[in-house]
Number of protein chains: 2
Amino acid sequence: MQDSIKLAGIREIAEALSISNGTVDRALHGRGGVSAKTAARVLKMAEELGYRPNLAARALKLNRRIRIGVQLPKQIASFFDPLRSAIRSAATASRGFQIALDFEEYPRLGHGDVELLTRVLGRPSDQRYDALIVTPGNPARVDALLTSIARSGTAIICVASDAPRSERLASVAVDAYTSGSIAAELLARTLPNGSVATITGDLTTLDHADKLRGFAATLATLAPHLTLLTAVESHDRAEEAYRQTVALLKRRPRPVGLYLSTANSIPVLEAVREHRMAGKIQIVTTDLFNALLPYIESGDVLATLYQRPQTQAKIALETITSYLLEGTLLNPVTRLAPHIILRSNLPLFLDHVTERQISRGVSF
Amino acid sequence: MQDSIKLAGIREIAEALSISNGTVDRALHGRGGVSAKTAARVLKMAEELGYRPNLAARALKLNRRIRIGVQLPKQIASFFDPLRSAIRSAATASRGFQIALDFEEYPRLGHGDVELLTRVLGRPSDQRYDALIVTPGNPARVDALLTSIARSGTAIICVASDAPRSERLASVAVDAYTSGSIAAELLARTLPNGSVATITGDLTTLDHADKLRGFAATLATLAPHLTLLTAVESHDRAEEAYRQTVALLKRRPRPVGLYLSTANSIPVLEAVREHRMAGKIQIVTTDLFNALLPYIESGDVLATLYQRPQTQAKIALETITSYLLEGTLLNPVTRLAPHIILRSNLPLFLDHVTERQISRGVSF
DNA sequence: TTGAAAGCGCTACCAT
DNA sequence: ATGGTAGCGCTTTCAA
């Protein structure tokens, strides 16, 4: 198969119609100031000649500096730190134009996010963000704000969770429902009778609620022999998670399986170890970071569901740049499959938890 | 965090040193015709000013049409067809310059590849490939050829398998050893005592041999209770696979687990079904395609290890373009983690087996 | 060895 | 409503 020989630019269209390239440009982009008739002729000819804009020329001419705000929580650092650094390296790798990143942090999901978002609206117009990357916590509290910001001309990209009822441009996240579902299938395959418990962050966060729904649904389908206990919310705090785990371990009968749906898993695992329950309770965790490695290697953790921050960052930035530069919205909603990390494939992911994630070579 | 205010181009360096931008360009790229002294001054100043080339301008000026040859086997189509179409869409999405793809096919791995490779060397110089994407079969037979092609100025990218002893520029593949290892871990978790069998393509193909090594090693570690039968080679042919499966099913004691390390799984699954062994033998397969879906949904297949052709294509093209345009070799060796697809996460991958993989939005 | 300048295709501005 | 043109930063050619 051979591709076409040569491709038409604005100049070719203009010549073919004996009009000026300025007019062609206006017509192609609907900038107005063109009669409906010529506009139609231009569009038709563009189609005929198979016009494809030269993006290098466009980028060079516009020479834009895209300014992107990034508002992410500090907690849980084991997820958001890699996400931040992946955003940084994805921005550096961007071809054709400069990306200026403005990182802002707040303590944790749902605490301080509203304040930061509000501040975005107050920015002087010469410092307006072209795009804003956020992880929405409770949609009820941020939907309206996100919509205002979007209407003020800043494209909003939700990462790691979503606020579907706001006017965000796009959303990138792991499919939360499926994450829960995988956890349930893995536990269902491994466990005999008994009850299983889940520890999550905060059920007002969409991502956390969806994980639980998926978990419950698949458990009911695939493992009628397992009972699901009421979900525990740790609010992504270490102490709470520890305390709640201890309480769970004191229940009789003791749960035989555990699904930890946020990266706040270490306190739980410590509590389990201290009560000498390691290996006796099957545990599925979320995400991947240094402190978790020994638990996977030892088999204390059956599997962890990795939310692929690098991939999320890459897609978020691709979405932003192709929207701002080409005007095309690639995919309003991306739902990634989490990586299922077991003992056998753990080595392949070790790159992701070291400093190497900052370097350029890492692709996923 | 605020990024730097403005960035230096060639012009700025030239002005700072009161020389012409032509000289600066020559010095920066070591094109010769520059005195060692000025070259050093330029390099130093570039460093000082934090020079970053404007890739849009470079692309515009060069306005290159990169010509890429793609030589992949027809069989097994369920893997290579998606790979081909992913290469096509990744090329279309490339910003800043044209990519001309030249697809060539041969019957199957190891049959006809040498002939096609040989033909590359005979191409007239004005039709030279800038890069060549191949899946090497038996390295003993292609290593020398690949090296010749590489030396003739065509960058070689291996996809789906590797020829590490050739002078290929880069290689992108699923980590084969780990794939085998995952299969073993999954079977080990599920099976009681018994023997397990593997059906592969051809053990001279590196990818196939590595899968087997990983499978055997992990089985020995994690499942001493399972015996591994000698590997069966189906040479990626349907009839052979069917026949060999029937033979396996007649063995006593009958194997309790099966690892199919290539996409040539349907004949095997059919044989198993016809012998009413579905669900009684745990099976791990490779890759994902329409015909496989019902087997996963029914539970006949415990899991399939998806080799992510879209991702491989994307990385291959990124590697090529950044090498040809920027002169940087991103990652000589990329080893992807296969996706472990179970019943619970299958829905997330359905996009990948429909026609949608041709559209632009799909990222993985 | 170095300088000067053209021009890649597009956008945007000014003129008509 | 349309035409004409400068200029983005780089590479390359021609001249000195």
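First the proteins, then the strands, lettered A, B, ... as listed; each starts at 1.
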K61(A) has a side chain; which of dT2(D), dA12(C), dG7(D) sits nearest to it? dG7(D)
side-chain N/O R58(A) vs dT11(C) OP1/OP2, d < 4.0 Å: yes
Rounded off to whole Å, could you give me the CD1-to-P distance for the I13(B) and dC10(D) pair? 8 Å
Measuring from the side chain of R31(A) (C-beta onward, heavy atoms only), which nucleotide among dT2(C), dG3(D), dT11(C) has the closest atom? dT11(C)
Please check the phosphate of dA1(D) (OP1 and OP2 only) for any side-chain N or O of T38(A) closer than 4.0 Å. no
Within this structure, what is the CZ-to-P distance between R52(B) and dC10(D), rounded to whole angstrom? 12 Å
When you look at E318(B) and K314(A), which way does the salt bridge (charged side-chain N to carboxylate O under 4.0 Å, His left out) test go after all the steps? CA-CA 13 Å; E318(B) 260 176 29; K314(A) 227 181 155 187; 3.2 Å; yes
Scan G9(B) against the nucleic acid and name what it touches under 4.0 Å (heavy atoms): base, sugar-phosphate only, or nothing. sugar-phosphate
Counting any heavy atom closer than 4.0 Å, what does L60(B) reach on the DNA or RNA strands: base, sugar-phosphate only, or nothing? base
Rounded distance in Å - CG (L325(A)) to P (dC8(D)): 18 Å
Given Y129(B), which partner from the list Q71(B), R67(B), R123(B) fulfils the side-chain hydrogen bond (donor to acceptor under 3.5 Å, both in side chains) test? R123(B)
With a 4.0 Å cutoff (strictly under), does any side-chain N or O of N63(B) reach OP1 or OP2 of dG9(C)? yes
Side chain of I19(B) only, please: which of dT11(D), dG9(D), dG3(C) is the nearest? dG3(C)
Hey, does the side-chain of R26(A) have a donor or acceptor N/O within less than 3.5 Å of a partner on the base of dG3(D)? yes
Report the residue (G32(B) or A57(A)) whose heavy-atom-nearest nucleotide on DNA chain C is the more 5′ of the two. G32(B)
Any chance CD of E47(B) has more than 12 other-residue heavy atoms, nucleotides or ligands included, within less than 6.0 Å? no
Whole-Å distance, N21(A) CG to dG7(D) C1', equals 14 Å
Above 12 or not: heavy atoms from other molecules or residues under 6.0 Å from CZ of R31(A)? yes
Map L62(B) and H29(A) onto DNA chain C by nearest heavy atom, then report which one ends up closer to the 5' terminus. L62(B)
Given atom CG of D25(B) and atom P of dA5(C), what is their separation to the nearest angstrom? 17 Å
Side-chain contact, heavy-atom cut-off 4.5 Å: V134(B) with L72(B)? no
Of the listed nucleotides dC10(C), dG3(C), dG9(D), the one nearest the side chain of S20(B): dG3(C)
What is the distance, rounded to the nearest whole Å, between atom CD1 of I10(B) and atom P of dC10(D)? 5 Å
Nucleotide nearest Y51(B) when distance is taken to its side chain, options dT11(C), dG9(C), dC10(D): dC10(D)
d(R58(B) CZ, I10(B) CD1) to nearest 0.5 Å is 8.0 Å
Mind calculating the distance between CG (L49(B)) and C1' (dG9(D)) to the nearest angstrom? 15 Å
Are any of T23(B)'s side-chain N or O atoms less than 4.0 Å away from OP1 or OP2 of dT1(C)? no
Nearest whole angstrom, please: distance from the P of dC8(C) to the CG of L55(B). 21 Å
